[in-house]
Amino acid sequence: MSSLHQTKRLTTRGLRKLKGKRPICCLTAYDHPSALVCARAGVELILVGDSLGNVVQGRDDTLGVTLEQLLYHTTLVDRALQQLAHGGSLERLPLLVADLPFLTFHTTPAAAVANAGRCLAEGGAQAVKLEWRPGIDSYTRTLTEAGIPVMGHLGLTPQAVHQLGGYRVQGRGETDAELLLSEIRKLEAAGAFAVVLELVPRELAARLTAAVDIPTIGIGAGPSCDGQILVFHDLLGLGNAAPRHVKRYLEGAELFEQAVGAYIADVREGKFPGAEQSFE
Ligand code: KIV
């Protein structure tokens with residue numbers, strides 16, 4: 001099929017235009033099957049999050065996730081989107097964003113551009129996400145000036161778990177709230193096309209959302225954000241106990257265990273493989 005007939009991905013510009021029009025639906029995905037599910041179901045944005053450290057690698061935090069691992073998972077998701085693009089059956093494919101892992105973007109501007117650039121050139125992502133660090137606006141400016149679209153991440157930033165003293169709600173006092181307001185304005189001015197707000201009180205999320213013209217994507221930040229994001233495995237009940245801000249739409253692990261248990265029983269009872277799964 002010629003490229004003229006390929007389904008296009010949503011662009012960062014297209015995502016920005018959704019602010020104020022309709023809620024933006026985002027999910028993480030880390031591999032080919034999860035990307036197919038997310039794209040076919042119609043999410044507007046897929047994030048290959050460094051949460052893969054938790055839900056795929058089974059770590060307690062995200063700090064051990066490397067750029068190479070993040071790139072590998074991004075290529076798996078990209079491949080699924082490319083196949084769907086060729087299939088042409090969907091109206092629009094999601095925007096693909098890669099999460100820059102711990103210590104991959106704030107050593108030198110050149111390293112930030114090189115690492116983020118690999119996510120686009122090798123991984124197939126259209127943008128990167130940066131968790132807040134002091135000076136995040138200057139990293140954002142450096143990357144956007146190099147042609148790499150940036151999504152910011154404010155509030156709870158899991159890469160700073162040891163500085164924050166745990167996974168707790170951020171921005172509760174007025175001083176912290178003012179800091180976040182100033183940071184989101186600086187991110188917008190530096191060229192970020194969207195900002196994730198993680199674990200902030202809902203009233204503050206509403207103030208942050210009203211303060212900028214770029215979309216806010218909430219996780220544990222209440223209903224006033226322009227969009228929502230969840231971790232794929234949390235939504236489907238595939239991991240350990242999910243945090244309070246998660247709504248589980250499936251008890252996936254239980255269903256998988258039942259299916260695997262049925263397979264084991266069939267094998268032990270000589271019911272699998274049956275005639276239909278055997279050859280003459
Ligand atoms: O790593 C991740 O999956 C994230 C989302 C939870 C926003 O940062």
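First listed ligand is number 1; within each ligand, the first listed atom is number 1. Note that the structure is a prediction, hence the values are computed from the model and not measured.
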Charged N to carboxylate O under 4.0 angstrom, [X] versus [Y]?
X: R185; Y: D137; result: no
X: R118; Y: E68; result: yes
X: K186; Y: E183; result: yes

For [X], atoms of ligand 1 separated by under 4.0 Å from a heavy atom:
X: G49; answer: 1 (O), 2 (C), 3 (O)
X: H153; answer: 8 (O)
X: I219; answer: 6 (C)
X: D50; answer: 1 (O)
X: T28; answer: 3 (O)

Using modelled atom types and a 3.5 Å cut-off, is there a donor and acceptor pairing between side-chain atoms of E188 and backbone atoms of V212?
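No; judged by distance alone, with no hydrogens or angles, the pair does not exist.
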
Between Q159 and H153, is any side-chain donor less than 3.5 angstrom from a side-chain acceptor?
no

Mode of L47 contact toward ligand 1 - side chain, backbone, both, neither (heavy atoms, under 4.0 Å)
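The part of L47 near ligand 1 is the side chain, not the backbone.
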
Indicate, as side chain, backbone, both or neither, the part of L230 found under 4.0 angstrom from ligand 1 when only non-hydrogen atoms are considered.
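Neither; nothing of L230 gets under 4.0 Å from ligand 1.
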
Take every heavy atom of E131, measure it against each atom of ligand 1, and state whether any distance is under 4.0 Å.
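Heavy atoms of E131 never come under 4.0 Å of ligand 1.
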
Tell me whether R59 at atom CZ has more than 12 heavy atoms from other residues, nucleotides or ligands lying less than 6.0 Å away.
yes

Near F256 CZ, under 6.0 Å, is it more than 12 heavy atoms from other residues, nucleotides or ligands?
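Counting neighbours around CZ of F256, 12 or fewer heavy atoms of other residues, nucleotides or ligands fall under 6.0 Å, so no.
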
Can an N or O of [X] be found at a distance shorter than 3.5 Å from an N or O of ligand 1?
X: D99; value: yes
X: E198; value: no
X: K129; value: yes

Co-members of the apolar cluster containing F272 [side chain, <4.5 Å]
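F272 shares its hydrophobic cluster with V260, Y263, I264, V267.
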
Which residue owns the protein heavy atom closest to atom 3 (O) of ligand 1, what's the atom, and how far is it?
S51 OG, 2.5 Å

